Number of protein chains: 2
Amino acid sequence: MVAAPKRDRKTERREATRREILAAAWEIAHQGGLTSVTLREIATRIGMQPPSLYSHFASKNAIYDAMFGQAWRDFHAVLEREAASFPADPRGRLVALATTYFDFATSDLERHQLMDVPMLRDFTPSEEAYRPAVECYEVMRSVLNEIGIRQQADLDIYTALAGGFVNQQLANDPKGDRWRVLLPRALSLLADDLGLPVQAPTPRSKK
Amino acid sequence: MVAAPKRDRKTERREATRREILAAAWEIAHQGGLTSVTLREIATRIGMQPPSLYSHFASKNAIYDAMFGQAWRDFHAVLEREAASFPADPRGRLVALATTYFDFATSDLERHQLMDVPMLRDFTPSEEAYRPAVECYEVMRSVLNEIGIRQQADLDIYTALAGGFVNQQLANDPKGDRWRVLLPRALSLLADDLGLPVQAPTPRSKK
DNA sequence: GTCTATACACCGATAGAC
DNA sequence: GTCTATCGGTGTATAGAC
């Protein structure tokens, strides 16, 4: 009995083309905003004719959908990776969680808009594309839960705060860190209010 | 010498038509979002042919521009009116200021997007339309200044907080008050951190 | 000031040949 | 799977008659 071939060259090529299309779409979005992504422009960039794209995606919204899913899967991967090395103390974890989200969101405006700002009319993510988003929320909620932030009102304040910082950073200082550096202080206010234990800072060498 | 006529019927009619155009534009925006405002649709609603709109506005962006200016002048009026009856104590003033902004912003999603969320490509407000926006910032900054919030970092935390609450409210509970009711608590955290004096609540009749 | 007619540049999507 | 050709629609804006 001969082993089935491990690689399916045809499928590989198909997926390579899909990736190429998505890469071009991201490139366009980064240059001219999400709404400037058009089938014509995608096709031009990858040397195709616009109708050929329909062999790979059922519609333009299907492309947005794939981008949406990809973005959340990427964040999920980052979140899992970073969460493994979060500090042990509650306040440190809180800051680390928020900073992980903040950095991911602010590092790519158009991706953030696609993920978190419903700005594309007549685009609604499919259930499949939405799944990794739900998984991210689960991870974040469980981290906050461990810390002791369980009440809905407390979670709501946290999300408003994190989202507000991201938006201000992107809107008013997109290349800087004006709000990023304030994040720990803002979170410590919340931590104080919730009575999270303060961990004495690790003693440093003298002075 | 005959007194000049107080009313210019021609000008009045012109401005009435302008108002009619803007009213139709807002109506469309409220129903289908800011980007769904088109000259065709405006013209249809007021019983005109699309090209006729050019007798009143130089371009579509000129219409957005007028809407932008109108929105900020409206907020300025609300702000001046409300500020006259803000409480005397710093914490009360802080909450009143933020609530005034919050209520105005959340009461009209499309207006908020036009004012605060740069989401229309190739639209930049003219200097004239931007002026009332600057005046609003002046008023808000001066209120915060009286309270004792003067450092840029403190102002930045305030704006991130206020903006974050507005966005969460509009995105996740547009018809409710889930974040509105949390606003005083969130602001008291900031007030605590800044050491704003706490005013003993006015004694009420017994228990 | 408003109209008709039209120019012009886009867009997403489909049909059918190869 | 990719192509050519094309459909049917969107939009802003201009020219010129009335």
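Residue numbering restarts at 1 for every chain, and letters A, B, ... go by the order of the sequence lines. A quick note: this is a predicted structure, and the numbers were derived from the prediction, not measured.
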**Prompt:** Among all residues two or more places apart in sequence or in another chain, which pass the side-chain contact (heavy atoms from CB on, under 4.5 Å) test with B/Pro51?
**Reply:**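 B/Pro51: side-chain contact (heavy atoms from CB on, under 4.5 Å) contacts with B/Gln49.
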
**Request:** Could you pull out all residues at least two apart from A/Asn145 that satisfy side-chain contact (heavy atoms from CB on, under 4.5 Å)?
**Result:**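 Listed in chain order: A/Arg150.
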
Grab the [atom1]-[atom2] distance between [X] and [N] for me, whole Å please.
X        : N      : atom1 : atom2 : result
A/Asn61  : C/dA13 : CG    : C1'   : 13 Å
B/Arg13  : C/dG1  : CZ    : P     : 11 Å
A/Phe57  : C/dG12 : CZ    : C1'   : 16 Å
B/Phe123 : D/dT12 : CZ    : C1'   : 16 Å
B/Arg121 : D/dG11 : CZ    : P     : 17 Å
A/Met48  : D/dC3  : CE    : P     : 6 Å
B/Leu53  : D/dT14 : CG    : P     : 13 Å
B/Tyr64  : D/dT12 : OH    : C1'   : 12 Å

**Request:** Tell me, please, which residues at least two apart from A/Phe57 pass ring-ring contact (aromatic ring centres under 6.0 Å, His included).
**Result:**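 Not a single residue meets the ring-ring contact (aromatic ring centres under 6.0 Å, His included) criterion with A/Phe57.
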
**Request:** Tell me, please, which residues at least two apart from A/Tyr158 pass ring-ring contact (aromatic ring centres under 6.0 Å, His included).
**Result:** none

**Request:** Assign the ring pair A/Phe123 / A/Phe68 to parallel, tilted or perpendicular, where the plane angle (0 to 90°) is split at 30° and 60°.
**Result:**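 Ring orientation of A/Phe123 relative to A/Phe68: perpendicular.
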
**Asked** Can you say whether the rings of A/Phe75 and A/Tyr101 are parallel (under 30°), tilted (30 to 60°) or perpendicular (over 60°)?
**Response** perpendicular

Pair up each side-chain donor or acceptor in residues 105-114 of chain B with any protein partner under 3.5 Å, not counting sequence neighbours, and list the distances.
{"residue": "B/Thr106", "atom": "OG1", "partner": "B/Phe102", "partner atom": "O", "Å": "2.7"}
{"residue": "B/Ser107", "atom": "OG", "partner": "B/Asp103", "partner atom": "O", "Å": "3.3"}
{"residue": "B/Ser107", "atom": "OG", "partner": "B/Phe104", "partner atom": "O", "Å": "2.9"}
{"residue": "B/Ser107", "atom": "OG", "partner": "B/Arg111", "partner atom": "NH2", "Å": "3.0"}
{"residue": "B/Asp108", "atom": "OD1", "partner": "B/His30", "partner atom": "NE2", "Å": "3.0"}
{"residue": "B/Asp108", "atom": "OD1", "partner": "B/Glu110", "partner atom": "N", "Å": "3.4"}
{"residue": "B/Asp108", "atom": "OD1", "partner": "B/Arg111", "partner atom": "N", "Å": "3.1"}
{"residue": "B/Asp108", "atom": "OD2", "partner": "B/His30", "partner atom": "NE2", "Å": "2.8"}
{"residue": "B/Arg111", "atom": "NH2", "partner": "B/Phe104", "partner atom": "O", "Å": "2.7"}
{"residue": "B/His112", "atom": "ND1", "partner": "B/Asp116", "partner atom": "OD2", "Å": "3.3"}

Measure the spacing between [atom1] of [X] and [atom2] of [Y] and express it to the nearest 0.5 Å.
X        : Y        : atom1 : atom2 : value
A/Asn167 : B/Asn167 : CG    : CG    : 5.0 Å
B/Arg73  : B/Arg131 : CZ    : CZ    : 10.0 Å
B/Met119 : A/Thr35  : CE    : OG1   : 9.0 Å

Pairs under 3.5 angstrom only: tabulate donor-acceptor contacts from the side chains of residues 79-87 of chain A to other protein residues two or more places apart or in another chain.
{"residue": "A/Glu80", "atom": "OE2", "partner": "A/His76", "partner atom": "NE2", "Å": "3.3"}
{"residue": "A/Ser85", "atom": "OG", "partner": "A/Glu82", "partner atom": "O", "Å": "3.2"}

**Message:** Can you give me the bend angle of the helix from C/dG1-D/dC18 to C/dC18-D/dG1? Use the axis through the first five pairs and the one through the last five, nearest 10 degrees.
**Reply:**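 What I find for the helix from C/dG1-D/dC18 to C/dC18-D/dG1 is an axis angle of 10°.
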
Using atom types as modelled, flag every donor-acceptor pair under 3.5 Å from a side chain in residues 18-28 of chain B to any protein atom, sequence neighbours excluded.
{"residue": "B/Arg18", "atom": "NH1", "partner": "B/His56", "partner atom": "O", "Å": "3.2"}
{"residue": "B/Trp26", "atom": "NE1", "partner": "B/Gln70", "partner atom": "OE1", "Å": "2.7"}
{"residue": "B/Glu27", "atom": "OE1", "partner": "B/Arg45", "partner atom": "NH1", "Å": "2.7"}

**Prompt:** Counting side-chain heavy atoms from C-beta on, which of C/dG1, C/dA13, D/dT2 comes nearest to A/Tyr54?
**Reply:** C/dA13

**Request:** Let me know which of B/Leu94, B/Asp89, B/Val95 forms a side-chain contact (heavy atoms from CB on, under 4.5 Å) with B/Arg91.
**Result:** B/Asp89

**Prompt:** With sequence neighbours left out, what residues match B/Thr159 under side chain to side chain donor-acceptor pair (under 3.5 Å)?
**Reply:** A/Gln168

All N/O pairs under 3.5 Å across the protein-nucleotides 16-18 of chain C interface:
none

**Request:** Check each residue of residues 14-29 of chain B for a non-hydrogen atom within less than 4.0 Å of any atom in DNA chain D, then write out the ones that pass by number, or none.
**Result:**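 Residues of residues 14-29 of chain B that come under 4.0 Å of DNA chain D do not exist, since none gets that close.
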
Protein N or O to nucleotides 4-11 of chain C N or O, pairs below 3.5 Å:
{"residue": "C/dC11", "atom": "OP1", "partner": "A/Thr38", "partner atom": "OG1", "Å": "3.3"}

